[in-house]
Amino acid sequence: MDKVFEKKKSTIYVCYHSLTHQVEDTVFKPIQVGSDQARFDLFETKDNTGDNISSKNDQYCEMTAVYWAWKNDKQSEWIGLMHYRRFLDFTQRDMKPDKFGCISVPQLTPKTLNFFGITDEGFYKCLEENPDCDGFFPKKWSPRDIGYQTVKDHYALSADHFEKDLSIIRSIIQGFSPEYLDAFDRYMSSDIGYFTNIFVLKREPFNKYCEWVFPILEKFSTQVDISNYSKQAKRVHGYLAERLINVFFLSEQNKNYKFVELDRVFFENVTNKHIQAFPMPPQMPEKETISIVIAADNNYVPHMAALIESIKYNCDKERKIEFLIFDGGITEHNKFLLRKQFHNEYKITFLDCSLLYKNIATHMHFSRATFYRLSIGEILKNHKKVIYIDCDTIVMDDISKLWDTDLEGKAIAAVPDLIMKVFVNEGTPSMWEAGRGMPSGIYLREYVGMHEKYDEYFQAGLIIFDLVKIREMHLSELSISEIKQKTYWFLDQDVLNKFLRGNVKFIDTAWNFPNTIMDGNCKNLDSGWQDKVRRDAMAPKLIHYAGYEAKPWNLPNASFSEFYWFFLRRTFWYDLVHGKVSTLHHFLDFEGTGTVYKAAENFWKKLPPSVKKNFLIPANTIKKYLKKVQI
């Protein structure tokens with residue numbers, strides 16, 4: 001009877017350092033390399049956990065993943081290493097490679113992975129067909145194919161390699177394990193070998209190789225100064241390991257191992273726009289630190305600076321504050337200016353969110369940064385509580401009072417949305433794409449799904465988050481899935497209301513006072529709310545410039561704009577913003593003095609009456625169009 005094939009615990013680690021198509025199943029496991037210096041949090045498995053050398057990734061390359069597997073994976077009986085675009089063909093097809101020894105494939109997709117057996121099923125099938133092997137390597141490749149005579153020539157004469165490094169590594173082997181010296185010399189004078197540090201090995205030869213190679217590489221570190229090497233040349237430990245694995249298995253000590261050689265597959269395009277890359281989470285804050293989150297792209301940096309300045313101006317000076325900036329593309333220069341302005345008072349951490357939610361559409365005046373708060377629990381996985389504040393706000397009271405709010409077991413604290421209450425009372429229709437023009441109350445009840453709690457709709461520009469509860473609810477996963485499937489009038493604000501209904505501690509409306517509420521809107525509120533709005537207007541705790549015409553940088557004399565201009569003057573950006581606003585306001589003024597108005601008026605006067613009667617465009621249409629081209 002044939003022996004039944006037994007699947008041994010096998011893990012092939014696939015190295016990633018950036019956002020690409022993820023290869024993962026029960027055998028293939030993504031590992032993020034260089035995690036100590038990474039901007040993004042790509043995978044659960046990282047080379048900077050446990051016993052690791054992640055900080056040396058710029059020198060060791062994928063060998064930091066090999067080291068991590070050696071020290072931390074004690075369960076797998078087979079261990080392998082692949083790269084995000086380089087794999088072995090486990091179908092054993094024996095195809096014709098290019099001059100670099102690779103089978104080049106235009107696109108990495110589930111279909112192409114399956115074609116080359118780069119799946120758990122494909123690997124186990126290959127293993128079953130080779131029951132006596134100790135490992136798998138890419139087919140040997142000869143540097144002669146690209147013009148070099150020997151392996152040594154290929155290293156010594158290639159860019160970013162130095163022949164002296166080979167001499168140093170030879171002397172280390174001579175002193176450290178002289179029994180391998182003959183194998184080193186034979187390999188270097190040969191014209192063929194294994195390349196690119198990809199392999200799958202049984203546990204025993206894998207451990208033996210690691211126990212041999214890492215002390216040699218560490219010894220090399222103490223003997224070579226690479227401080228003046230180029231960025232590419234500094235990867236010398238990875239380059240040397242690529243050669244040393246050949247030396248190890250070519251030696252007399254290890255000649256009895258049996259290996260199967262497989263084609264090396266190279267995927268030219270490995271992008272996947274649907275994958276999200278979260279920024280690396282900051283550490284847990286010090287005790288009593290107030291954590292404030294602001295999401296911004298580069299266009300909103302001046303307004304964010306004014307907001308931070310207003311918080312600084314009003315806050316209890318004895319309280320510690322950290323600012324966590326969800327960065328949607330802020331330039332290095334603007335980051336420098338923000339740090340320069342506030343470095344004596346606050347810790348500012350920029351979290352690169354530029355690769356999040358590129359495939360989700362926005363509308364009206366919203367930017368993609370608005371979606372970042374949906375994943376606040378995942379982005380800040382080491383935090384328990386934060387205050388989230390929109391960029392288009394100015395704080396007028398001590399933010400520590402808000403921080404000290406008791407959430408009474410609720411997931412968030414927020415302010416009722418008074419503008420939405422106006423919309424409901426007026427029967428304002430929703431945008432057509434979201435609810436097909438339903439009256440606001442019906443939109444909230446039926447389309448958003450708030451049902452009988454539709455009157456508890458909150459404004460999301462100011463939220464205190466209990467991140468522990470948010471993570472327990474899987475709010476990020478639910479919200480992102482929802483917003484991809486369905487168009488909402490107020491985007492993530494509607495979705496947050498949908499999933500948090502009944503789980504909100506409502507706080508004083510003065511903490512999110514919309515500046516336009518006094519511009520004719522207040523009269524459409526119930527009498528009780530009208531009285532509260534008038535009291536809030538006398539002493540707002542946070543002014544929210546919500547809406548296009550509400551923003552002082554769009555309309556300089558917008559209600560309560562004096563507070564914005566006061567704090568903006570205390571930043572690096574006042575002259576820049578004020579200059580742009582003054583110029584555009586003069587150019588686009590609709591009160592009869594602007595350049596556009598005068599030109600249009602003169603043009604209109606010269607038109608004959610027969611043309612005028614067929615050329616009537618409502619003034620509001622013109623105004624709406626021109627507003628789109630303002631900053």
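Values reported hereafter were calculated over all heavy atoms of this structure, with side chains retained and with hydrogens, waters and symmetry mates removed.
Here the straight-line distance linking atom OH of Tyr488 with atom CD of Glu433 works out to 15.0 Å at 0.5 Å rounding. Atom CD1 of Ile294 is separated from atom OH of Tyr388 by 9.0 Å, given to the nearest 0.5 angstrom. A distance of 11.5 Å separates CG in Asp327 from OG1 in Thr349, rounded to the nearest 0.5 Å.
Between Asn344 and Tyr346, the side chains place no donor N or O within less than 3.5 Å of an acceptor N or O (distance only, hydrogens not considered).
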task = Could you walk me through whether Thr393 and His544 pass side chain to side chain contact (heavy atoms under 4.5 Å, CB included), step by step?
result = CA-CA 4 Å; Thr393 60; His544 194 167; 3.7 Å; yes
Check against side chain to side chain contact (heavy atoms under 4.5 Å, CB included), Met473 and Leu500 = CA-CA 9 Å; Met473 292 173 61; Leu500 289 168; 3.6 Å; yes
request  = Any chance you could lay out the ring pair (Phe, Tyr, Trp, His ring centres under 6.0 Å) test for Phe342 and Phe323, step after step, and finish with the verdict?
outcome  = CA-CA 10 Å; Phe342 300 109; Phe323 287 93; 7.1 Å; no
query = Taking it one step at a time, do Thr571 and Gln341 satisfy side chain to side chain contact (heavy atoms under 4.5 Å, CB included)?
reply = CA-CA 7 Å; Thr571 75; Gln341 182 170 337; 3.5 Å; yes
request  = Please step through side chain to side chain contact (heavy atoms under 4.5 Å, CB included) for the pair Thr331 and Phe336, ending with a clear verdict.
outcome  = CA-CA 9 Å; Thr331 65; Phe336 167 76; over 6 Å; no
message = Assess the residue pair Tyr454 and Glu446 against the criterion (side-chain hydrogen bond (donor to acceptor under 3.5 Å, both in side chains)); give the C-alpha distance rounded to whole Å, side-chain angles, the decisive distance to 0.1 Å, and a yes or no.
response = CA-CA 9 Å; Tyr454 76 97; Glu446 299 180 6; over 6 Å; no
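The ring pair (Phe, Tyr, Trp, His ring centres under 6.0 Å) contacts involving residues 492-517 comprise Phe513-Phe560, where partners must be two or more places apart or lie in separate chains. Pairs passing the ring pair (Phe, Tyr, Trp, His ring centres under 6.0 Å) check and including a residue from residues 420-443, sequence neighbours excluded, read Phe423-Trp489, Tyr443-Tyr447, Tyr443-Trp489. Listed by first and then second residue, the salt bridge (charged side-chain N to carboxylate O under 4.0 Å, His left out) pairs involving residues 395-406 are Arg319-Asp404, Asp397-Lys401 (not counting sequence neighbours).
The neighbour count for Lys532 NZ, taken as heavy atoms of other residues, nucleotides or ligands under 6.0 Å away, is above 12. The neighbour count for Glu562 CD, taken as heavy atoms of other residues, nucleotides or ligands under 6.0 Å away, is above 12. Heavy-atom contacts from other residues, nucleotides or ligands closer than 6.0 Å to CD of Glu408 number more than 12. More than 12 heavy-atom neighbours from other residues, nucleotides or ligands sit within 6.0 angstrom of NZ on Lys486.
Classification of the Tyr300-His303 ring pair by plane angle, with boundaries at 30° and 60°, yields perpendicular.
In this structure Asp575 satisfies the side-chain contact (heavy atoms from CB on, under 4.5 Å) test with no other residue, sequence neighbours excluded. Partners of Arg471 according to the salt bridge (charged side-chain N to carboxylate O under 4.0 Å, His left out) rule, which considers only residues two or more places apart in sequence or in another chain, do not exist here.
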Identify all side-chain donor-acceptor contacts of residues 283-291 below 3.5 Å with residues at least two apart in sequence or on another chain.
unit_1	atom_1	unit_2	atom_2	d
Glu286	OE1	Lys320	NZ	2.7
Thr289	OG1	Glu286	O	3.0
Ser291	OG	Glu322	OE2	2.6

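Put simply, the residue from Trp573, Trp565, Tyr564, Trp553 that forms a ring pair (Phe, Tyr, Trp, His ring centres under 6.0 Å) with His578 is Trp565.
Residues Ile389 and Ile387 come closest through the heavy atom pair CG1-CG2, 3.7 Å.
With a 4.5 Å cut-off on side-chain heavy atoms, Asn503 and Lys410 count as touching.
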